[in-house]
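Chain naming here is simple, since letters A, B, ... match the order of the sequence lines and numbering starts at 1 in each.
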There are 2 protein chains.
Amino acid sequence: MTDARQPPSASARRRPEAPSPPATAPAADTAAKAPTASRLLKEQGILTEAENHFAQFGFEGASLENIAAAIGISRHNLLYYFPNKEALYQRVLDDVLTQWLAGMEDLSHSDDPQQALRRYIRAKLRYSRERPNGAKVFTKEVIAGAPRYGKAIAARVGPLLKAEVRTFERWAREGRIARVNFTHLMFIIWSVTQAYAEQEAQFALLLGKPALTERDYGKAEELICRMVIKALEPDAALDNPPRAD
Amino acid sequence: MTDARQPPSASARRRPEAPSPPATAPAADTAAKAPTASRLLKEQGILTEAENHFAQFGFEGASLENIAAAIGISRHNLLYYFPNKEALYQRVLDDVLTQWLAGMEDLSHSDDPQQALRRYIRAKLRYSRERPNGAKVFTKEVIAGAPRYGKAIAARVGPLLKAEVRTFERWAREGRIARVNFTHLMFIIWSVTQAYAEQEAQFALLLGKPALTERDYGKAEELICRMVIKALEPDAALDNPPRAD
DNA sequence: GTCTATAATGGGATAGAC
DNA sequence: GTCTATCCCATTATAGAC
């Protein structure tokens, strides 16, 4: 953890504005809130830092003061870009969820169960590795009972999960996979893949390493895929009990 | 406490001889100062409430004021029983870890891989159901990078995990289970079983229920066991198990 | 053991400077 | 449009009085 936290110096931080305004189409949208590339850039910087702090301290524990200080701006400057703490938090979670749901849609559109699952697990693990703090913020929110983001989870994840389960059930009817409880299967896949983001510190600690390597993630992927795919291997012709959901 | 951190030297560990059990750390303070029964009772009440609050708000977010108020005492009365927030937090985590490690020791002492794993998964899921807040506090600590409890994890979990992996490797040598990465297998079992504590809110939300029922936990247990046991079925025809080393 | 005072922190609103 | 300064109020850790 780079803790090169520096006190917010009172020195004036004059950043020259973008010297050349986009002369191409300035009049396209007259007074419509121009996205202003520099603003988007700064927002992104705030969001990244906020993700780090929310991941480490949770919603209550994180402070706007520290988030702002970590990127060298004042708290009031931060509040200019996001109206309040809650809005900043919601944006962080929105972005994480958007990334995850993209991977889930891919899963539904495939037509080869094994390959689709392998791809999904691989993608989810890659997110965990590349953007662990997003997963951490999400899990902390869920642990607390999803008091601030529960509605968004129900609204955005619920429908996709149902579609996913329907896809699995179709595959099961076609005899391509065994009929297990597919909802719980998704819960389990989520849990495991996210654990490699959230608990990286613990896993690395127990492996005696400073951090997990690409090889470690490869081993995890191999084992997770093995577990999922073996569990979904059709039970041959032993018996095919139509299991109640 | 005891900084028994040892690098996982694969070289210095040649003999599979049964190692002397690495003296699990005695649970916190012993009977050094004869605590009265009423004091123990009050301590337990504080610990239970602290577990709830730390689970919901994290270390930074929880306040001694609220914990004390929830059980009808003053903050200063609480501070009489626990010197500060940090000590209270450590005690909560000590108690959780003690419970988990007991289940792990049982796993090592069994002689039937399948039965042992089923029992372990069932026990871990039962903990998740009966005492979800302990798991939540633990996971939140790990998510934050284990800044306050990392040493205890390394000292208490590490040795047991190694013993566990050695047991699995013996079973694999005997051809009773397939040879997978057993360390990651344990990581995965932990992640999944704990997820049913930490993420109960999310799972229930997505199932459209106010809370998970015993049936839900039963379904989870069935699927988790299936995944683990199928993944450990010896590959038989593919490559013959290495009978002797 | 309980109650109260103080200092520090943090979120938020408003006004105003570049 | 972007950023800073001042004020306000709630919360809380800590210390000390009773």
- Message: Wobble G-U and Watson-Crick pairs count when both distances are under 3.5 Å; given that, what is the 5' to 3' dot-bracket string of DNA chain D, with | for pairing to other strands?
- Response: ||||||||||||||||||
- Note on the structure: Atom CZ of A:Phe82 and atom P of D:dT2 are separated, to the nearest Å, by 13 Å
- Item | Phosphate OP1/OP2 of C:dT2: any B:Asn77 side-chain N/O under 4.0 Å | yes
- Note on the structure: Atom CG of A:Leu78 and atom P of D:dT4 are separated, to the nearest Å, by 11 Å
- Task: Using side-chain contact (heavy atoms from CB on, under 4.5 Å) as the criterion, list what pairs up with B:Lys209, not counting sequence neighbours.
- Result: B:Leu207, B:Thr213, B:Asp216
- Query: Is it the case that more than 12 heavy atoms not belonging to B:Arg129 sit under 6.0 Å from its CZ atom?
  - Reply: yes
Throw together a table of side-chain donor-acceptor distances under 3.5 angstrom for residues 94-102 of chain A, partners on residues two or more places apart or in other chains.
unit_1  : atom_1 : unit_2   : atom_2 : d
A:Asp94 : OD1    : A:Tyr149 : OH     : 2.5
A:Thr98 : OG1    : A:Asp94  : O      : 2.9
A:Thr98 : OG1    : A:Arg156 : NH2    : 2.9
A:Gln99 : OE1    : A:Arg131 : NH1    : 3.4

- salt bridge (Lys or Arg N to Asp or Glu O under 4.0 Å) between A:Arg148 and A:Glu60, worked out: CA-CA 12 Å; A:Arg148 275 170 258 273; A:Glu60 289 91 357; 2.8 Å; yes
- Classify the nucleic acid contact of B:Tyr80 as base, sugar-phosphate or nothing, counting any heavy atom under 4.0 Å across all strands shown. sugar-phosphate
- Rounded interatomic separation in angstrom, taking CZ from A:Phe57 and P from C:dG10: 11 Å
- Nucleotide-resolved protein contact map, nucleotides 7-14 of chain D, B/S/- at heavy-atom distance under 4.0 Å: -----SBB
- Query: If only side-chain N and O atoms of A:Arg39 are considered, is one of them under 4.0 Å from the OP1 or OP2 phosphate oxygen of D:dG1?
  - Reply: no
- Task: Given side chain to side chain donor-acceptor pair (under 3.5 Å), test A:Ser74 with A:Asn77 step by step and report yes or no.
- Result: CA-CA 5 Å; A:Ser74 72; A:Asn77 191 355; 5.1 Å; no
- Task: For B:Leu41, check side-chain contact (heavy atoms from CB on, under 4.5 Å) against everything at least two apart and list the hits.
- Result: none
- What pairs with A:Tyr89 under ring-ring contact (aromatic ring centres under 6.0 Å, His included), at least two apart in sequence or on another chain? A:Phe54, A:Phe59
- Trace of the side chain to side chain donor-acceptor pair (under 3.5 Å) decision for A:His184 with B:Tyr196: CA-CA 10 Å; A:His184 283 274; B:Tyr196 276 85; 2.6 Å; yes
